[in-house]
There are 2 protein chains.
Amino acid sequence: MADTLHQRIRSDIETRILSGTWEPGYRIPFEHELMEQYRCSRMTVNKALSSLAEAGLIERRRRAGSFVARPLAQSAVLQIPDIPAEITARGDAYGYELLSSTRRKSTQEDRDRLRATGNGVLPVLDLCCRHLARGEPFAIEERLMNLAIVPEDAITAFKTTPPGTWLLHHVPWTEAENRIYAVQAGPAKAKLLGVAPDKACLVVERRTWRGADTVTFVRLTYPGDLYQLVAQFTPTR
Amino acid sequence: MADTLHQRIRSDIETRILSGTWEPGYRIPFEHELMEQYRCSRMTVNKALSSLAEAGLIERRRRAGSFVARPLAQSAVLQIPDIPAEITARGDAYGYELLSSTRRKSTQEDRDRLRATGNGVLPVLDLCCRHLARGEPFAIEERLMNLAIVPEDAITAFKTTPPGTWLLHHVPWTEAENRIYAVQAGPAKAKLLGVAPDKACLVVERRTWRGADTVTFVRLTYPGDLYQLVAQFTPTR
DNA sequence: AAGTGGTCTAGACCACGTT
DNA sequence: ACGTGGTCTAGACCACTTT
């Protein structure tokens, strides 16, 4: 999996974190323990751990040790928006309505949407909800979740907590893809959003992965004048 | 500027690259030269250079040395789209039309748009152009460029080369902000794009900086069904 | 063939936070 | 006070690439 020692140490630890074997908060072995385990010098262990810390997978505290990082809502927000946080941040009251929720074995269409690679029939949760700001419709959320990753007892939480928020705080992810385009609302969404059917809407479709597994697919539809997507970035990295 | 030695070495080099003192392709001093210069061990120099290489600012080649990386159009494309490249990549003929081009001293409104921090009256170029795919309108581009950064003799190039493409290949940038929303086309843009006035359009507004100076502001308007913005990303970083 | 960067060692001292 | 991680040293061997 890696041709140098510090890469192997790094990937060994990374695997255990991403698989969930070592959960957020877990104290990973001290540098001197890893030195013994891999029979190498401290610099080599240190290089592996520093790299994991730079990537945000672990947190290092002097005298205390190194710990698997908790998925930081704050940092994730930079790229995966947390709708309730955004609305309350600008001083508006936030509201949430679960419109429908269905648990089923995935159809082929579901697996296509999730870009699921394996050919197993995984259980999925298909739900639809509405976000409100100041009591007015703000966005429609259509979501498909992989129940092989999301624990089933989370489902009850979605009656009162938006699934996106729950996921951000509970499920670490390694990769995501946003697909953004504009459409006219159309009759169904127009009714749910309280706008004219020819209203221009911004649509954000997002897939999120943890390692090789898709965690969720979500389509968010916003009335065009209520929401702007802002991304600040730097070259390369 | 930094409290550890390897951070200071890194930031010294980074400064020279971003200021343009060391241009793309410049061979930076060998590790053993930096060892002498900073009177430190090779590990320390190596840590600084490895970090710069990871960040994509330099390229390291055995036996040859370390070089300031060229602004890779390919990597920039991931986040700042190059419209001609995208259109030809999907096999369509690309067309470009310059609709208007005005050189002037910046008004207050121009400086607001550019988010210009200094209070000097900088010269700007205000232009509008149209991108075509298969001979059909694909996007309208409205752009404001800072002529304190963009050399004036580039202006003639814009008669035949889209300004975005020219900028990507000639002006390195350090930061950018995308602002994305949806609007109905409206009468003027509808005519230029050849769509109905109530057509949903995707708008991408982008500001680009080099250090403290804004390089350009651009607003791109796409018919909603012709274009999707796709962004792949990972957490933290 | 020579010289570069990549990796690794076996030590060291220090800052800092937990105890 | 103690033990952790942060940093640094002065070596070493190797792979690779250019000459």
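In what follows, every heavy atom counts, from backbone to side chain, and hydrogens, waters and symmetry copies are set aside. All chains are named by letter (A, B, ...) in the order of the sequence lines, taking the proteins before the strands, and each is independently numbered beginning at 1.
- A side-chain contact (heavy atoms from CB on, under 4.5 Å) with Leu114(A) holds for exactly one of Thr208(A), Val124(A), Asp213(A), Val215(A); it is Val124(A).
- Atom CD of Glu23(A) sits in a sparse spot, with 12 or fewer heavy atoms from other residues, nucleotides or ligands closer than 6.0 Å.
- If you find the closest nucleotide of DNA chain D to Gly65(A) and to Asn46(A), the one lying nearer the 5' end belongs to Gly65(A).
- If you measure from atom NE2 of His6(B) to atom P of dG6(D), you get 10 Å, rounded to the nearest angstrom.
- Among dT4(D), dC8(D), dC8(C), the nucleotide with an atom closest to any side-chain atom of Phe30(A) is dT4(D).
- Rounding to whole angstrom units, CD1 of residue Ile28(B) and P of dT4(C) are separated by 13 Å.
- With dC8(C), dG6(D), dG5(C) as the candidates, the nucleotide lying closest to the side chain of Glu31(B) is dG5(C).
- The neighbour count for Gln37(A) CD, taken as heavy atoms of other residues, nucleotides or ligands under 6.0 Å away, is above 12.
- Between the CD1 atom of Ile58(B) and the C1' atom of dG5(C) there is a distance of 11 Å, rounded to whole Å.
- For the pair Arg115(A) and Phe217(A), the cation-pi test (distance below 6.0 Å, angle within 45°) is failed.
- Around the CZ atom of Arg134(A), the shell of radius 6.0 Å holds no more than 12 heavy atoms that belong to other residues, nucleotides or ligands.
- Between Leu34(B) atom CG and dT4(C) atom P the separation is 12 Å, expressed in whole Å.
- Rounded to a whole Å, the CZ atom of Arg60(A) is 18 Å from the P atom of dG3(D).
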Summary of protein contacts for nucleotides 9-19 of chain D, nucleotide by nucleotide, where a base hit scores B, a sugar-phosphate-only hit scores S (4.0 Å, heavy atoms): BB-B--BSBB-
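- Residue Ser66(A) is classed as a sugar-phosphate contact, given heavy-atom separations below 4.0 Å to backbone atoms only.
- Atoms CD1 (Ile9(A)) and P (dT7(C)) sit 13 Å apart, rounded to a whole Å.
- A sub-4.0 Å separation between OP1 or OP2 of dC8(C) and a side-chain N or O of Lys47(A) is absent.
- Straight-line distance from the CZ atom of Arg10(B) to the P atom of dC8(D): 14 Å, rounded to whole Å.
- Residue pairs meeting the side-chain hydrogen bond (donor to acceptor under 3.5 Å, both in side chains) criterion with at least one partner in residues 152-168 of chain A, sequence neighbours excluded, are Asp82(A)-Thr165(A), Arg103(A)-Glu152(A).
- Distance Met35(A) CE to dG5(D) P: 11 Å, rounded to the nearest Å.
- Although no hydrogens or angles enter the test, the distance criterion places no donor-acceptor pair under 3.5 Å between the side chain of Tyr181(A) and the main chain of Glu205(A).
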